[in-house]
Amino acid sequence: MLKTLGAQVKEFKTASILTPMFMILEVIMETVIPLLMSSIIDDGVEAGNMQHIYQVGALMVVAAAVGLFAGMMGGKFGARASTGFARNLREAMFINIQNYSFSNIDKFSTAGLVTRLTTDVTNLQNAYQMLLRMCMRAPSSMICAMVMAFTINARLASIYLVAVVILGICLFLIMNNATKYFQQAFPKYDDLNASVQENVSAIRVVKAYVREDYETKKFHKASQNIYKIFVKAEKNLSYNAPLMQFTVYGCILLISWLGAKMIVGTSMTTGELMSLLAYCMNILMSLMMLSMVFVMVTMSVASAKRITEVLNEKSDLSNPEHPIMEVPDGSIVFDHVSFAYKKEGQEPVLKDINLSIRSGETVGIIGGTGSAKTSLVNLTSRLYDVTEGSVRVGGNDVRSYDMEVLRNQVAVVLQKNVLFSGSILDNLRWGDKNATEEECRHACQLACADEFIEKMPDGYNTHIEQGGSNVSGGQKQRLCIARALLKKPKILILDDSTSAVDTATDAKIRRAFAEEIPNTTKLIIAQRISSVEHADRVIVMNEGCIDAFDTPEHLLQTNEIYREVYESQTQGGGDFDEKAGEE
């Protein structure tokens, strides 16, 4: 874990080294000042030597100025190192997440990843800054002050030693008891973020079903869980301050009482007693700072483990040693393919799939909910790897291609269409970042998206809100189809991606595909029979298996599932888009 996290310090190593060095310099100056103060009292004030007071006073000013400078530099470099460390952690996690396969992403919830990128990184940032500054400053200050105290008077300094040992044991017990609560607290943030994310993204549904009170109660419960755990942890930590104050004032009283006796007995000077009292505060405040470091480290251990999980997670999909860099054509072959989302003992969702699709062919895919239609097409672009068998695209196993090359030739319009904040043109150019405006317009014409874009006040420069919240479901689907077409792929997969458009528009889109991209292999997953009845062939899926694969005409005569779907959707006059598809 430490090696993984330490690798993210990178260019901030210099700042990470300079911070403790400046902290040590500050400690040295703080240790020297009580000695100089003792000299002023004993050799200056009591002896009436003003020249000595001026000289030593000047040295104290210089020491204080150097200490101030060291403290400022320590704070500056500490902030630079810790914030840079946090920035690198976030970037490293985000980049690694981008390389995840779908199966890797399935291991983490969206809310959990957001928590790791925000709250957990902030905890580590604070802990790292404390380690660089306080973890070096506090022990150095305590050791220096202890050495100087024993140099002045070993008998009185032994009071510090006893106090430090007792206080250290008590603080360890307090910290150890609080640790278990902090480890429980941060995973609870996942539940809190999940509640917020789900509520905001589905706010229209919440309002439509008048579930505001229910969602409020759910959020309150998640928030209350965090509150309770932190209250338990802070209750333990609340003993820290009074215990420290009791020890500090107890030591001051003992040293003052015993020191006064020594001064009367001429075995100690007033200046030495003043120095001992100053060192008393240095020692005990250092111990207080160490306790704060322990608190921050305790809080950050759970966060560090969660961040390390994300950084160490490796994609289970990788390029071969010598990948193929060109996809010859859009032919697809499934050779005895079986697939399970979890490899360990899970029932496969696809079982012994065998099929061959010619390049440029239009293939419909129908089947009931849960029949693994989406799982089938996901294997084509290698979003997952098969459990058994092989998938070949363009005559080559998909595992032999460079993944970027393969996915650039397999355009997918998913069930859950996603648009990003920015203009319509920005979203379209996800398909081809160098596409001209004319190419974008042509793609939108094929997807029947130009009809509504041109009615918008800013046309293709209209701003799309995050998630496409300011366009309808059908408009969003058409924009996503246009975006996929701009890739000029050899294979186009439409995963129920016209379900939100009317059947007449659906027919126009299919006709445009047939005329404009005849050499592109088209896989169309659909629930409507009208979307697949003009396909070259149709795959009928049933419980993870291929029930039939034939032309629509033959399926109507030979396949019961296809016939039932056809009759249920066309009885009573047929689909109203029939004419639109022929015009």
Side-chain angles (χ1 to χ4, degrees), residues 14-82 129-153 156-157 159-161 163-164 241 244-245 247-249 251-253 255-256 259 263 268-293:
T14 302
S16 298
I17 294 170
L18 288 175
T19 300
M21 290 177 65
F22 277 116
M23 290 295 99
I24 292 173
L25 179 60
E26 184 183 19
V27 166
I28 292 172
M29 294 301 103
E30 288 182 353
T31 305
V32 168
I33 288 174
L35 279 179
L36 297 175
M37 182 178 66
S38 172
S39 177
I40 286 179
I41 293 173
D42 293 338
D43 302 327
V45 176
E46 293 188 354
N49 187 344
M50 290 300 297
Q51 185 177 2
H52 182 79
I53 292 173
Y54 289 142
Q55 290 175 345
V56 177
L59 290 175
M60 286 183 67
V61 171
V62 172
V66 172
L68 176 63
F69 173 77
M72 291 172 61
M73 290 297 100
K76 173 185 174 181
F77 286 112
R80 181 180 297 174
S82 60
Q129 186 168 21
M130 291 285 282
L131 284 171
L132 289 179
R133 299 185 64 193
M134 298 306 176
C135 203
M136 183 58 68
R137 188 185 193 286
S140 301
S141 180
M142 188 165 62
I143 292 169
C144 290
M146 190 72 77
V147 169
M148 297 306 297
F150 270 91
T151 302
I152 294 170
N153 192 297
L156 289 182
I159 295 174
Y160 301 153
L161 189 60
V164 166
M244 188 67 68
Q245 293 297 324
T247 306
V248 168
Y249 291 117
C251 286
I252 290 174
L253 287 173
I255 291 169
S256 298
I263 291 173
M268 177 182 278
T269 65
T270 304
E272 288 175 336
L273 178 59
M274 294 297 294
S275 296
L276 280 173
L277 290 173
Y279 288 134
C280 172
M281 293 302 297
N282 280 359
I283 291 169
L284 297 176
M285 288 308 294
S286 296
L287 203 58
M288 174 70 87
M289 281 187 261
L290 274 178
S291 71
M292 292 170 62
V293 172

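For the numbers below, each heavy atom of this structure counts, side chains included, while hydrogens, waters and symmetry mates do not. In what follows, residues are counted from 1 in the order of the sequence shown.
Closest non-hydrogen pair, Gly75 versus Met23, comes out as N-CE, 4.3 Å. Listed here is the closest heavy atom pair of Gly259 and Leu273: CA-CD1, 3.9 Å. Heavy-atom minimum distance, Leu277 versus Ser256: CD2-OG, 3.9 Å.
In this structure, the side chain to side chain donor-acceptor pair (under 3.5 Å) partners of Ser16, at least two apart in sequence or on a different chain, are Tyr128. Every side chain to side chain contact (heavy atoms under 4.5 Å, CB included) that Ile41 has, sequence neighbours left out, goes to Met37, Glu46, Thr270, Met274. Qualifying side chain to side chain contact (heavy atoms under 4.5 Å, CB included) partners for Met29, counting only residues two or more places apart in sequence or in other chains: Leu25, Ala63, Val66. The side chain to side chain contact (heavy atoms under 4.5 Å, CB included) check on Val61 picks up nothing, with sequence neighbours excluded. Among residues two or more places apart in sequence or in another chain, the side chain to side chain contact (heavy atoms under 4.5 Å, CB included) test is passed with Thr31 by Val27, Cys144, Met148, Tyr279.
Pairs passing the side chain to side chain donor-acceptor pair (under 3.5 Å) check and including a residue from residues 52-79, sequence neighbours excluded, read Ser39-His52. Residue pairs that meet the side chain to side chain donor-acceptor pair (under 3.5 Å) test with at least one member in residues 20-30, sequence neighbours left out, are Glu26-Arg137, Glu30-Arg137.
Asn49 is not listed as a side-chain neighbour of Asp43, based on a closest heavy-atom distance of 4.5 Å or more.
To the nearest 0.5 Å, atoms CZ (Phe77) and OG1 (Thr14) are separated by 9.0 Å. In this structure, Leu132 CG and Leu18 CG are separated by 10.5 Å, a value rounded to the nearest 0.5 Å. Between the CE atom in Met73 and the CG atom in Leu68 there is a gap of 9.5 Å [rounded to 0.5 Å]. A distance of 10.0 Å separates CG of Asn153 from OG1 of Thr269, quoted to the nearest 0.5 Å. Atom CE of residue Met72 and atom CZ of residue Phe22 lie 11.0 Å apart, to the nearest 0.5 angstrom. One finds the OG1 atom of Thr19 at 11.0 Å from the CD1 atom of Ile24 (value rounded to the nearest 0.5 Å).
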